[in-house]
Asks: 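Right, I'll just put the structure down here and ask away after.
Every heavy atom of this structure was used, including side-chain atoms; hydrogens, water molecules and symmetry mates were not. Lettering of chains follows the sequences in order, A, B, ..., and the numbering in each one begins at 1. Fair warning: this is a prediction, and the values are worked out from it, not measured in the lab.
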Amino acid sequence: MIGISRTKLFALQALVAAVALLIWHVGSTVPIGGTYLLPKFFFSTPGDVIARIWKLFAGGQIWKHLSITLTETVLAFLIGSVGGVLFGFWFARKPIVAAVFDPYVKMANALPRVVLAPIFMLWLGLGIWSKVALGVTLVFFIVFFNVYQGVKEVSSVVLANARLMGMNERQLFRHVYWPSALSWMFSSLHTSVGFALVGAVVGEYLGSAAGLGYLIHEAEGVFDVTGVFAGMVILAAFVLFIDWLVTLIENRLLVWRPQPASHA
Amino acid sequence: MVVLRVIERDAPGAKPPAVALDAVSIAYGGGAQPVYEAVAPTTLRVAESEFVAIVGPTGCGKSTLLNAAAGLLKPASGAVSIFGEPLSGLNGKAGYLFQQDALMPWKTALENVAIALEVGGMASAEARKQAKAWLARVGLSAFADRYPHQLSGGQRKRVGLAQVLIRDPKILLMDEPFGPLDAQTRQIMGTLLLDLWATDRKAVLFVTHDLEEAIALADRVVIMSCGPKARIIGDHAIDLPRPRDVAEVRLDPRFHTLHRAIWSELRDEVTKAYGAAT
Ligand SMILES: Nc1ncnc2c1ncn2[C@@H]1O[C@H](COP(=O)(O)OP(=O)(O)OP(=O)(O)O)[C@@H](O)[C@H]1O
Ligand SMILES: [Mg+2]
């Protein structure tokens with residue numbers, strides 16, 4: 001598709017990482033004219049960060065944080081998706097409901113979710129549920145809009161054909177509306193899973209006692225730049241892992257769709 | 001009242017027509033949009049086991065008329081009756097092969113055909129068995145597991161044909177079913193359709209823009225005028241003997257006489273429609 005083989009692509013991607021690490025390493029450990037380009041205090045060094053990551057994993061305490069963040073992400077995604085699917089279907093099939101709630105849905109969606117974080121902490125405490133709630137408010141709207149669109153955008157000819165075939169409402173739902181809504185929902189799966197994670201990490205960052213966001217926040221509190229970078233690297237790897245999982249699920253469920261011309 | 005009139009007009013004891021459009025007119029728009037009177041009051045009947053072809057310039061209202069017969073569109077005036085019963089809601093006796101793609105993109109060719117039986121409560125295994133046989137009949141055995149987007153336009157049409165015919169509907173509504181096929185395949189499919197039709201003689205309402213195809217297949221060819229307010233301006237009985245071979249019948253001198261007569265009527269309309277559009 002882009003004209004080079006997989007191995008070559010991978011090699012080039014690795015090269016980018018190597019060059020970035022090298023610049024960082026040289027800038028932070030090799031003095032040029034008596035000063036460091038990237039002072040250790042502000043930028044740490046690749047070696048230190050790697051050592052810290054190693055220590056975190058070797059010590060074993062990282063697993064607790066990772067599992068908490070993962071739990072929050074999964075819960076936020078599931079609850080937000082189920083809510084989005086239910087409301088998406090309801091609104092799409094009942095235009096009056098959609099018309100009445102339209103301004104409120106828009107208002108709620110326009111609200112920056114971060115301002116809700118303190119309220120959720122007030123309501124739900126500092127445990128995982130306030131983070132889950134934050135993630136849900138992000139995931140819900142993405143899924144909701146996509147399911148709504150998916151039900152609305154079913155081709156009228158496909159629908160007429162299915163009706164003439166003798167499908168009742170239940171069969172229409174199962175064979176027409178649901179697959180269409182699902183394909184729209186899955187087209188935004190990467191985004192919604194990403195937002196579930198953002199909700200969890202931002203929630204932890206703003207106030208909690210565990211999770212990756214907490215880890216980063218704690219390191220920042222004591223100007224431990226190495227700790228901050230280590231947390232960020234682990235978070236990034238975590239995101240890549242989840243994204244890979246999502247792609248796997250997506251390829252399995254959407255075999256019927258034409259391959260998109262490009263894929264992020 | 002309209003229904004009474006229909007019954008009165010028919011000879012006592014005569015079978016009611018499979019499809020009867022009585023003074024049906026159809027308008028689009030209304031509300032915020034300007035009203036477009038697509039079809040002026042039109043009467044068209046298709047008797048049981050009769051094969052009627054509709055030809056007419058593009059945009060005249062052929063699909064519109066078929067949609068009315070399927071119960072997808074409510075006529076602005078007039079009445080639609082199916083086997084003598086006024087039609088309310090969808091026409092459950094009809095199988096409709098749409099002009100546009102109507103397959104479910106999330107189902108394979110086989111699933112798309114089998115679902116037509118499954119909705120009626122047939123067990124999945126049996127439905128699949130019959131669907132396979134139908135795909136073989138339209139020459140698509142090798143494509144059973146493809147999704148619609150992996151099929152060509154003509155192949156999709158053929159899956160659609162199997163999907164409609166497998167339900168064994170009493171009435172067949174077909175909107176340019178062989179539109180995207182090449183001339184050769186058109187003839188093969190035409191012959192196939194005639195063979196299938198010969199076994200149980202469904203009532204067929206067949207839209208095409210190919211006059212030769214219409215004459216080769218149908219018992220009657222109906223010509224529509226160009227819109228707006230399209231009407232039926234010609235109704236020709238095709239007295240070519242059956243069974244017909246779709247390719248060979250074109251060599252028949254009678255075919256040429258009919259073709260010339262119908263084309264002279266149709267040509268004016270096509271020219272008018274083209275002139276109006278440009
Ligand atoms: N939903 C609609 N709203 C408004 N106008 C419509 C609508 N559908 C069809 N029309 C108009 O009604 C007329 C008849 O349309 P129709 O689809 O029946 O034509 P057709 O004879 O099937 O043409 P073709 O041979 O190109 O398929 C056209 O002028 C078209 O623009
Ligand atoms: Mg048409």
Side-chain angles (χ1 to χ4, degrees), chain A residues 1 85 88-89 92 95-96 98-99 102 143 146-189 249-263, chain B residues 63 66-73 82 87 89-122 124 127 145-151 156 159-169 171-173 175:
Chain A
M1 187 168 62
V85 166
F89 262 104
I96 298 176
D102 183 60
V143 175
N146 275 289
V147 168
Y148 180 79
Q149 204 71 7
V151 175
K152 283 269 166 193
E153 299 273 301
V154 170
S155 146
S156 61
V157 179
V158 171
L159 204 57
N161 191 33
R163 284 222 165 91
L164 272 171
M165 219 180 260
M167 285 197 195
N168 56 31
E169 277 298 310
R170 219 192 73 243
Q171 290 167 325
L172 279 180
F173 175 84
R174 177 159 158 226
H175 296 290
V176 181
Y177 291 120
W178 177 245
S180 175
L182 204 64
S183 80
W184 276 74
M185 192 185 132
F186 273 94
S187 69
S188 63
L189 198 62
I249 295 169
E250 199 178 42
N251 287 345
R252 179 156 284 223
L253 284 176
L254 293 182
V255 274
W256 59 268
R257 281 219 306 203
Q259 284 300 308
S262 67
H263 197 275
Chain B
S63 302
L66 241 53
N67 283 339
L72 292 168
L73 269 181
I82 303 302
L87 178 65
L90 291 178
N91 184 348
K93 296 215 165 64
Y96 191 165
L97 188 56
F98 287 84
Q99 186 173 11
Q100 307 95 322
D101 270 335
L103 298 177
M104 286 167 254
W106 40 83
K107 289 188 188 293
T108 62
L110 185 69
E111 288 166 349
N112 260 294
V113 180
I115 187 73
L117 292 176
E118 284 167 19
V119 293
M122 186 183 281
S124 175
D145 294 324
R146 298 259 193 120
Y147 288 94
H149 80 92
Q150 298 166 320
L151 296 169
R156 283 201 288 267
V159 175
L161 186 65
Q163 188 186 53
V164 166
L165 290 176
I166 198 171
R167 282 177 55 229
D168 195 23
I171 301 165
L172 261 184
L173 307 171
D175 200 345

Asks: According to side chain to side chain donor-acceptor pair (under 3.5 Å), who are the partners of A:R163, at least two apart in sequence or on a separate chain?
Replies: none
Asks: Can you tell which part of B:E111 gets under 4.5 Å to a heavy atom of chain A, answering side chain, backbone, both or neither?
Replies: neither
Asks: Strictly less than 4.5 Å between heavy atoms, which residues of residues 167-174 of chain A line up against chain B? Please order them by number.
Replies: A:M167, A:Q171
Asks: So which of B:L72, B:V164, B:T108, B:I115 has the biggest tally of heavy-atom pairs under 4.5 Å with chain A?
Replies: B:I115
Asks: Taking all non-hydrogen atoms of both residues into account, name the closest pair between B:M104 and A:H175 and its distance.
Replies: SD-O, 3.7 Å
Asks: What residues of residues 96-103 of chain B make heavy-atom contacts with chain A at a cutoff under 4.5 angstrom?
Replies: B:Y96, B:F98, B:Q100, B:D101, B:A102, B:L103
Asks: Look at atom NZ of B:K93 and say whether more than 12 heavy atoms of other residues, nucleotides or ligands are closer to it than 6.0 Å.
Replies: no
Asks: Measure A:S180 against the heavy atoms of chain B and call it side chain, backbone, both or neither at under 4.5 Å.
Replies: both
Asks: Using only non-hydrogen atoms and a strict under-4.5 angstrom cutoff, which residues of residues 146-158 of chain A touch chain B?
Replies: A:V157, A:V158
Asks: Quick check on the interface: out of B:E118, B:Q163, B:Q150, who has the most heavy-atom pairs with chain A under 4.5 Å?
Replies: B:Q163
Asks: May I ask you to decide if A:V176's main-chain N or O and B:W106's side chain share a donor-acceptor pair within less than 3.5 Å?
Replies: no
